[in-house]
Structure formats: structure tokens, C-alpha cells
Amino acid sequence: MQPLIEHKWDLSIPEAINLQKELALKVQVSPLDINSLRYIGGIDCAPSTDMSKYFAAAVIWDIHTRELVEYHIADAPLTFPYVPGLLSFREIPAVIEVMKKINKKPDIFIVDGHGIAHPRGIGIAAHIGVIFDVPTFGCGKSLLYGNYQDPAHERGSTSPLMAKGKVIGNVIRTRSNVRPVFVSVGHKVDLKTATELTISCSGRFRLPEPTHLADKLVAQKENKSVIINKLL
DNA sequence: GCGACAG
DNA sequence: ATCTTGTCGC
């Protein structure tokens, strides 16, 4: 897979913010039938120990068999600082590299991070969706933007994530009595479908299976040879 | 001006 | 993201 929209990544912070405002205009929130989704992509990233580069892991998980069908890892130089709201500029260069290795294009991608639940409406999940023009949504482990009431403690409970009087995502309890995850649309999908998919991909862990697997895979970054056994 | 602040 | 032990609970 290759990005359809290409732009510079070595930008100053003000330039990056302006680019986000432009790209935010291209974000599409549209209905997507959950029954048409079988191959679910999962993406997660992590910096190298020496902080000189960033690794990105991509997995493809079959929601029918509930098994991993493909996985890859890649890296790219780390050039951008961590600034809340500008995570895309640190991680997407590595994501572009793993995407190049994907053989079977997934029906949708779940990205570790936020979608439109972002100060300018374009978190990393939305940014990836826009430049690759594929369905994506974000599943973050903590809050970046918005307000919410804690959802009930039972698995499957949800509570709307709000900002400026609008619903920008859902806070979802994927496991009973465990901290919830923050789901927001990225591109070419609707919140209801993203929410239902998150719940149907979860159960064993706090994170939905695709993201959980990508998380475990990227954690093996520096030793990428002994991973196969431990992952399957 | 004072907090908040994905990974 | 990462530095970190034991411990509580399903």
C-alpha cells in the first residue's frame, strides 16, 4: 500500500499545525457496513531504545477465524519532537514504511491513538486514513481531547466523548472493571461501526485484538527474529 | 494567565 | 514511548 497524498514530514511545529488544518478538510466520516469488514488491520508504533528512529508494526487479523493472517515491522528516522497533538509527524513516516510491505489490503485499520478526537480534528488515525484513503479509526489508551463521564463497569458499556457540544468519539469498556479505551472515527467509517467493531474485536485484552497484536509485535522491535513463535 | 496534554 | 516488584483478582 502506498499513500495517495504525499507531503513533507520535516516541518516546523507551526507548519505542521497548518498542514493539519488543511488535511482536516479532507477527513470523511461516512457509513460503513460492519458486516463487510473481515480483515482488520492493527497499527502501533514505538521508538528505538536510543531514540534515533521509530518502529511501526502492522498486523492483519481475520475477524471470522479470529487469527493473525499477516504481520510486518519497519522503521524510519525519528526527526520530530513529541508534541501533544502532533504525534503524526513522529510516527507516520515509519507507518508509511510498514504499509509498503502489506500484501492483503485490510477492510479497515485500527490505529493506536486518536482519530478526530483531536484539537484540530485530525489525530494520527484520521491522518493515516486521509493520506492512504482507507477506512481507519483510532483506539487510544488515554484522553487527548474532549470530556466524558466514566462508562459503566461492565464490558461493552460506552459513554460519549464530547467537545464543543459535539460527540467526537466513544469511551468504551472492552473488559469489565478495566480502564476504558477511547475510540474515534478516523476516515471513511462511522462512530457506530467503529464502536461495534472495537467491542467485537475485544474480550481477551483491554485493547482490540489487532491493536493488541501490533503492540506485542512492535515491542519486539530490536530482536526481530524470535518473535514468530511467541506471537502465534 | 492557568491547566491539559495521544505515544 | 520508557524507567520498574510485587501483588491482587479472574
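Given the structure is predicted, the values throughout are model-derived calculations rather than measurements.
- For A:Asp75 (side chain) and A:Ala94 (main-chain N/O), no donor-acceptor pair under 3.5 Å exists by modelled atom type.
- A centroid separation of 6.0 Å or more is found between the aromatic rings of A:Phe132 and A:Phe109.
- Within the 3.5 Å criterion, the main-chain N or O of A:Ala152 finds a donor-acceptor partner in the side chain of A:Arg173.
- Atoms OH and CD, on A:Tyr71 and A:Gln220 in that order, are 11.0 Å from each other to the nearest 0.5 Å.
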What does the B/S/- profile of nucleotides 1-7 of chain B look like, 5' to 3', with a 4.0 Å heavy-atom cutoff to protein?
----BBB

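- Under the 3.5 Å distance criterion, the side-chain polar atoms of A:Ser159 are left unmatched by any main-chain donor or acceptor of A:Tyr148.
- A:His187 places a side-chain N or O within 3.5 Å of a backbone atom of A:Gln28 that can act as its donor or acceptor partner.
- Residue A:Lys101 forms a side chain to side chain contact (heavy atoms under 4.5 Å, CB included) with just one option from A:His72, A:Glu70, A:Met1, and that option is A:His72.
- Using a distance-only test at 3.5 Å, with no hydrogens or angles considered, no donor-acceptor pair links the side chain of A:Lys221 to the main chain of A:Ser48.
- An OP1 or OP2 oxygen of C:dA1 is reached within less than 4.0 angstrom by no side-chain nitrogen or oxygen of A:Lys53.
- Taken together, the pairs of DNA chain B form no segment extending over three or more consecutive Watson-Crick or G-U pairs closer than 3.5 Å at both contacts.
- Between A:His7 and A:His127, the angle of the ring planes lies from 30° to 60°, which puts this pair in the tilted group.
- Listed by first residue number, the stems of DNA chain C with at least three Watson-Crick or G-U pairs below 3.5 Å amount to none.
- A:Ser157 places a side-chain N or O within 3.5 Å of a backbone atom of A:Glu154 that can act as its donor or acceptor partner.
- For DNA chain B, no neighbouring residue in residues 185-201 of chain A is found when judged by any heavy atom under 4.0 Å.
- Between the side chain of A:Asn170 and the main chain of A:Val183, no donor-acceptor pair closer than 3.5 Å is present.
- Residues A:Phe89 and A:Val130 share a single hydrophobic cluster, defined by chaining ILVMFWY side chains whose heavy atoms lie under 4.5 Å apart.
- With sequence neighbours left out, A:Ala125 forms a side chain to side chain contact (heavy atoms under 4.5 Å, CB included) with A:Val111.
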How does each nucleotide of nucleotides 3-10 of chain C score, in 5' to 3' order, for protein heavy atoms under 4.0 Å: base (B), sugar-phosphate only (S), or none (-)?
--------

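- Remark: side-chain polar atoms of A:Thr193 are paired, donor with acceptor, to backbone N or O of A:Leu32 under 3.5 angstrom.
- At least one donor-acceptor pair under 3.5 Å links the side chain of A:Arg155 to the backbone N or O of A:Ile199.
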